[in-house]
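Notes to accompany the following structure.
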Amino acid sequence: MKILRTILMALTFLMTLPVLSWADEAAEAVAPAIDTGDTAFILISAAVVLLMTPGLALFYGGMSRKKNVLNAIMCSLIAMGIISIQWSLFGYSLAFGPDVGHLIGNLDWIGLSGVGVDPNPDYSATIPHQVFMVFQMVFAIITPAIISGAVAGRMRFPAYLIFILLWATFIYDPVAHWVWGVDGWLRNLGALDFAGGTVVHIISGVSALVAALVIGKRKGYGTQPMIPHNLPMTVLGAALLWFGWFGFNAGSSLGAGSLTAVAFVNTQLATAAAMMSWVFVEWLRHGKPTVLGAVSGAVAGMVAITPACGFVGPMSAIIIGLIGGVVCFLAVAVVKAKLGYDDSLDAFGVHGVGGTWGALATGLFASKAVNEAGGDGVFFGNPEQIVSQLIAIAASYAVAIIGTYVILKVIGLFTKLRASDEEQEIGLDFTQHGEDAYASTVSGSPFSPGVGAATASAPAGVVKPAL
Amino acid sequence: MKILRTILMALTFLMTLPVLSWADEAAEAVAPAIDTGDTAFILISAAVVLLMTPGLALFYGGMSRKKNVLNAIMCSLIAMGIISIQWSLFGYSLAFGPDVGHLIGNLDWIGLSGVGVDPNPDYSATIPHQVFMVFQMVFAIITPAIISGAVAGRMRFPAYLIFILLWATFIYDPVAHWVWGVDGWLRNLGALDFAGGTVVHIISGVSALVAALVIGKRKGYGTQPMIPHNLPMTVLGAALLWFGWFGFNAGSSLGAGSLTAVAFVNTQLATAAAMMSWVFVEWLRHGKPTVLGAVSGAVAGMVAITPACGFVGPMSAIIIGLIGGVVCFLAVAVVKAKLGYDDSLDAFGVHGVGGTWGALATGLFASKAVNEAGGDGVFFGNPEQIVSQLIAIAASYAVAIIGTYVILKVIGLFTKLRASDEEQEIGLDFTQHGEDAYASTVSGSPFSPGVGAATASAPAGVVKPAL
Amino acid sequence: MKILRTILMALTFLMTLPVLSWADEAAEAVAPAIDTGDTAFILISAAVVLLMTPGLALFYGGMSRKKNVLNAIMCSLIAMGIISIQWSLFGYSLAFGPDVGHLIGNLDWIGLSGVGVDPNPDYSATIPHQVFMVFQMVFAIITPAIISGAVAGRMRFPAYLIFILLWATFIYDPVAHWVWGVDGWLRNLGALDFAGGTVVHIISGVSALVAALVIGKRKGYGTQPMIPHNLPMTVLGAALLWFGWFGFNAGSSLGAGSLTAVAFVNTQLATAAAMMSWVFVEWLRHGKPTVLGAVSGAVAGMVAITPACGFVGPMSAIIIGLIGGVVCFLAVAVVKAKLGYDDSLDAFGVHGVGGTWGALATGLFASKAVNEAGGDGVFFGNPEQIVSQLIAIAASYAVAIIGTYVILKVIGLFTKLRASDEEQEIGLDFTQHGEDAYASTVSGSPFSPGVGAATASAPAGVVKPAL
Amino acid sequence: MTKIECILRPGKLENVKEAVNDFGIHGITVTQVIGCGLQKGRTEVYRGTEYNINLLPKIKMEMVIPDKDVEAILKLVTKAARTGEIGDGKIFTYKIDNVVRIRTGEMGEIAI
Amino acid sequence: MTKIECILRPGKLENVKEAVNDFGIHGITVTQVIGCGLQKGRTEVYRGTEYNINLLPKIKMEMVIPDKDVEAILKLVTKAARTGEIGDGKIFTYKIDNVVRIRTGEMGEIAI
Amino acid sequence: MTKIECILRPGKLENVKEAVNDFGIHGITVTQVIGCGLQKGRTEVYRGTEYNINLLPKIKMEMVIPDKDVEAILKLVTKAARTGEIGDGKIFTYKIDNVVRIRTGEMGEIAI
Ligand SMILES: Nc1ncnc2c1ncn2[C@@H]1O[C@H](COP(=O)(O)OP(=O)(O)O)[C@@H](O)[C@H]1O
Ligand SMILES: Nc1ncnc2c1ncn2[C@@H]1O[C@H](COP(=O)(O)OP(=O)(O)O)[C@@H](O)[C@H]1O
Ligand SMILES: Nc1ncnc2c1ncn2[C@@H]1O[C@H](COP(=O)(O)OP(=O)(O)O)[C@@H](O)[C@H]1O
């Protein structure tokens, strides 16, 4: 109660800030040049990108075992809660606020103060600044959620919750500033990343691998079968991801024009190509064309085309997709087994590897004929582009590896990261969330909440695991 | 057959009306000032709001028991059928047609006669009138569907079907006219309701409570565990609701501009805040952060911000959400148990209570700095706003309570409202719809439809319940 | 590996073509008159229409038996892969490229060469040509996927994969050219088809029937119960179809204006009407209002209104829907049983029959008062319109019947079309894809992929069916 | 020791469980089954075709109890599970040779 | 009275049920199970890793019948369920001490 | 011939199966069940109401084996399934009268 009161008071104070400054701003520029078509497109893109996060929840949830499905879902869901708040309070300011040393935004836009409805031409001249802000918010939400795939089935939820909050603040926000912020150093360098290959996929995928290694393998990994409990759920999740990815990639043009069309078409083609190449490689290797392969390939293709989608032509997109599907397949089917790490749902194998391929591919296939504001890649006569891309990749890997390691170790000082073997055996759904995903023949009785209230003062964890 | 013929003849007659008047209208104003961006946004908003109704179906369906899931779904689905027709035949005219005594629209627009493609500047100057009409239609669809959550697991379907038709006509349409219709008395009064806090959430939530009380508790309520049979389904439903709510709230700006951005951002922030506050309060009280809590909180937040979303700043939205999550949690976890009514899926607890809080909060946090067409709330120096809000709330409660009570009692004269104990035990899926949601190991044989035809003349209900 | 290398080389060559020609084109017309609102609407329409294909996957998947659900899903999914590639490589050129003898497009636009970002005023003056291309692509994807419903549970996947590729090329692309291509003979004839009644629904539905007959009935058809294993999944699929259909129909106006509004409203009304009429007819005949009836009726209504949606008034749409629901119900419940063919999931009964009714209805209810670019139907004083419609229907039937028959027979020369009785008994999920949709209590152990690699050279099918 | 195997209506599980718990029996194993007997199934309708579904959902409840309690338990269960309508279910009893409590390795009647 | 417990291929349920129905047996309880025997499981592939799934879906069908019918039923079931391939399943029989028909409280053979 | 019916923790299925396989037993039938015993269930929370769920997920594993192996198998299973915590489960054994291998029609011990 006390905590709530304090929070409320703090927020009540904050509340007055933005509205006032915002009112001023509104007074200054009465008629901003907002384009309704662009605004409509970006708002809807933001909505569909938001929908990607529950899509990811279902994609991961279906691949989990039955006893862990809610935990897999919750890890994505909760990002929609916590990161939205983080972003509006200070995350957006850190990432896109006025530059400090090419490394980070300052705190001018804290609590969205100064982020009003007039366009901010630094980022987008035809849509309200708040629209740009919320479009970026949904990227900040899904990125940490991707990481949960690597540690599914064994990370304690309280540790995870703290982890994504810190990770978003200390890793995502700075890297977003580097790549997309005005005067960010990677942006100045000329590294091409249309919709977030480095910012979203490389850093989340690499962090995922680090987290998987730090937290260790699931109990029984390698000896018990850990196979998807509900593939139609995974297909549905992938479908929502595909749908949302149009907002993710085409929306990154921040309008509804020619470049939007290019990004949209490339997204579709690379996704389709990667789906086919994964399916065919698996078919050749294991004798059957699988549904999980089809959707995994599709996701791999979307990851791979993300940084390139606004810089390459349609046939290049197909090639990027074809290779992306094969590379990611090899990563999850061969490399993972060889090296023996337990990346439960292949967050690294798909996002890390696919994102890296995409960043390289952008340096190969980019063409100014497609997007003058972009650059030419190696295949279009500019071998130097690949250097910028490599620098961007290296920087992202470095910050993701070091940052994730440090954050996890620090959290580990305060609370356990890893669910006990017994908790894993019972399943994270019950042990972390006190729920059962598919209760059917249940027997028992509801306690009156009066009884519940009696336990209210007991420490978290009062609902004891048992099997 | 005879019935069908009569219906067809009546419709054939109707058919000629609108097309003709509509042609005239088209002739008059050849070049209406339609904005493609606004039109695109509102059409897509209408589509995503329509998707909220199946979203609600899944949200409710997942929380139902296995034997009642199809009935829970059907109660939402059928509203998409019956209310669309009702709305186009006369509902829209009652709600938005030319005013009669500030209480109701007249019948000028019956059968959509006169509702053409030119904008109706009374409501929206930049989009075709039909677009406004269909955008309002999807609101009229979901509102009665919300009520089904309170009576899930025990209301007979035929009674429900008649109920929503009458309820839409005698409660929703008039209240929509009061609040949004040109010259509606609540609109004239200055009560603020941006996207339907009173019209949608208060009246459906309160009616839900009345219906739950009139129909009585489910058999076994309080002694048998009645817990969700499929939480991932509920999460998916909530995700579709969240996605659709952007159309609901931001679309209510009837364009794609600054105000749209404000409503969109507020929706996201309040939803996220309420998700977090519900999860944390439940965590404190019961020891675990639950997935059902996360999605319930999100819905509570969306309900709470609905009336306020176009009138408040982003930090206010966060506060409204934080409080909304806590208030709704207490309503469903404490108040419901104390008072002992059986609001099966918490239609009142979330929509009634959340809607009431939202209407009040609008009176507290509204600010002309955000929306000049709105008003200032208590915290921005205008204590009178809360009076208008209270009047609107009181009027909505009154009409919902009296209207629902009367409608149910009248229907009860003709057909039973409540499924028998035996029907409840077998489950409403089979007893009301003759279907099984998840048939797996089935044994039996299809009858030839010839056999079916033999029973065609038998009275409805020929498929006898049995277990 | 060799195959991959060859493919890659071919593509690398292709890659250079379009980008170059495209650059030229960009240079010529620097400022194309792109409308952001129209572009936003059509891009989003393309995205939601794409989402219809997974929607169809779930719609069909839920109606399948548990052992065939993944196969049902995969048949739709894979179309998203293979047809996207086909379309971009040559399909689009065949369908919409410069006309050859009113029958087919030429190969000028192969590999999207010449299909750039400037609008192609022949098709749409206000959106980039690529947007038009991708909007048409998603139609080309879903159409063959519809066919899979008729052969579900018994067609071998490799044969299916080849089938849809050939079918898209030799049937869909030409018919699309006839109806929509500049100078296509059906277009020149004045046959009205707003959004694809003939092109999409008639030819897929009729081809589905042919395929069902050629491949034969499922083992056990008529003696074993073959009933939906997961109706909520089917409902979800139908919801996504409904949502996407707004893009399908309203998007076919290729902008966001008055006609868009008309198509949108008609879609909603016909769908609702058909839902109600199917439910009521089934209720009268069998005693219960069913959920499967509600969603089947909705799909029937959407199919029926597809060709008419931009040409008729709202009351006509209701009538078209009402009749559509009844006609399709009779087709699947009475005619199918009488004639005894096994159209597993009623692809013909809904799409073939509904599409035929829609094409006729367009000839009856069309009105120039609604769309001047359209025509008047029989009820609006122009009996000749029905003749054009009949010619279009007849031509579609002819090409679908002959084409599908020939294609299947040719494929049958190279590989078996039909899964063996044993494969059907075990289920297509395992026998075709080596997967289990809902693995729950599994026992076993993962092989190291090293072991898998040993089998890599083994022929497809190495994973032997067993039960 | 005797195993009591009851086939029950799904809605009666809670009743029966309470009744035997009150008697002092706590070890219970429950399985979801489908079955038919005199009860002839029910008619479901899918897309206008009627299907006669023969096997309806039931609950199988197994308890291993000391022989001396068998009679009492049969009475208890019969009472708690009865509705008087066709489909109430059956109880089957048969002797068990041995019981092992895995946790302790105890055998025989004390392990029940 | 004897319980006949058959482990069958899922696809044979309908056949066997018809066969015993025709004989006059109507009381049947069916459970979904998984099992292995001589049959060695099957290989499924998920993301390029092959899993050997040992336990395959089977149907367990239980009927309690009068002792005199046992032999006939065993023959009937064996015939109706056979394909001749590994994995056809097993039938186990054992004596039941008592049967209660819950609806009426009847006991013994008349309650079957 | 004896039927060994084990009620196990779900996580122990793999262990026990391996143990009996190594011993040479291959015919196994597994059912998903829920059960309670000394173990008193667990508390789940749905929308702020706590529910005491009595019956927890268990695995029922049935093997019909020759009488001579019973003792050894009981030991094996007990060892492989034990954690020492409440809820480890039970093993029940009872005699089987006959076994039929459907594929061949063989009866008796050779059919196991
Ligand atoms: N002889 C039997 N063998 C096995 N199970 C039986 C037998 N008779 C009945 N059952 C089980 O008991 C359930 C109820 O049987 P039923 O004959 O319908 O009940 P009642 O005799 O009370 O009318 C059946 O669904 C079936 O699962
Ligand atoms: N000894 C046994 N105990 C319990 N169940 C058995 C036994 N032997 C076989 N089964 C069950 O019978 C099924 C078929 O057995 P299997 O040995 O594959 O058949 P077959 O002997 O006809 O080849 C198995 O999946 C298992 O469920
Ligand atoms: N007497 C019994 N009859 C039938 N099943 C039993 C019996 N006792 C225990 N069980 C089964 O065994 C499981 C474990 O029993 P429990 O008493 O919790 O284990 P333990 O004795 O090792 O603590 C229960 O969930 C139940 O399924």
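The chains referred to below are lettered A, B, ... by the order of the sequence lines, with proteins before strands, and numbering in each begins at 1. These numbers were taken from a predicted model, which means no experiment stands behind them.
- Proximity to chain A (any heavy atom under 4.5 Å) is restricted, for B:Val235, to the side chain, taken from C-beta onward.
- With respect to chain A, the highest number of heavy-atom pairs below 4.5 Å among B:Thr126, B:Leu240, B:Val291 belongs to B:Val291.
- B:Met275 and A:Leu77 get closest at one heavy-atom pair: CE-O, 3.5 Å.
- A donor-acceptor pair under 3.5 Å is absent between the side-chain atoms of B:Lys66 and the main chain of A:Tyr438, judged by distance alone.
- For the pair B:Thr260/A:Leu43, a side-chain contact is recorded, criterion being any heavy-atom separation below 4.5 Å from C-beta on.
- Of the atoms belonging to B:Ile44, it is side-chain heavy atoms, and not backbone ones, that fall under 4.5 Å from chain A.
- Interface residue B:Asp35: only side-chain heavy atoms are found under 4.5 Å from chain A.
- Summarising the geometry of A:Ile141 relative to B:Gln268, their closest heavy-atom pair is CD1-NE2, 3.6 Å, with the distance given to 0.1 Å.
- The shortest heavy-atom contact between A:Ile85 and B:Ala272 is CD1-CB, 4.1 Å.
- Side-chain contact between B:Leu231 and A:His433 is absent, with no heavy-atom pair separated by less than 4.5 Å.
- Side chain of A:Glu435 to backbone of B:Leu292: a donor-acceptor contact under 3.5 angstrom is found.
- Heavy atoms of B:Val279 lying under 4.5 Å from chain A belong exclusively to its side chain.
- Remark: side-chain polar atoms of B:His229 are not paired, donor with acceptor, to backbone N or O of A:Ala439 under 3.5 angstrom.
- Of all heavy-atom pairs between A:Val48 and B:Phe243, the closest is CG1-CE1, 3.6 Å.
- In terms of heavy-atom proximity, A:Gln130 sits nearest to B:Pro314 at NE2-CG, 4.1 Å.
- Looking at B:Pro228, only its backbone comes within 4.5 Å of chain A, counting heavy atoms on both sides.
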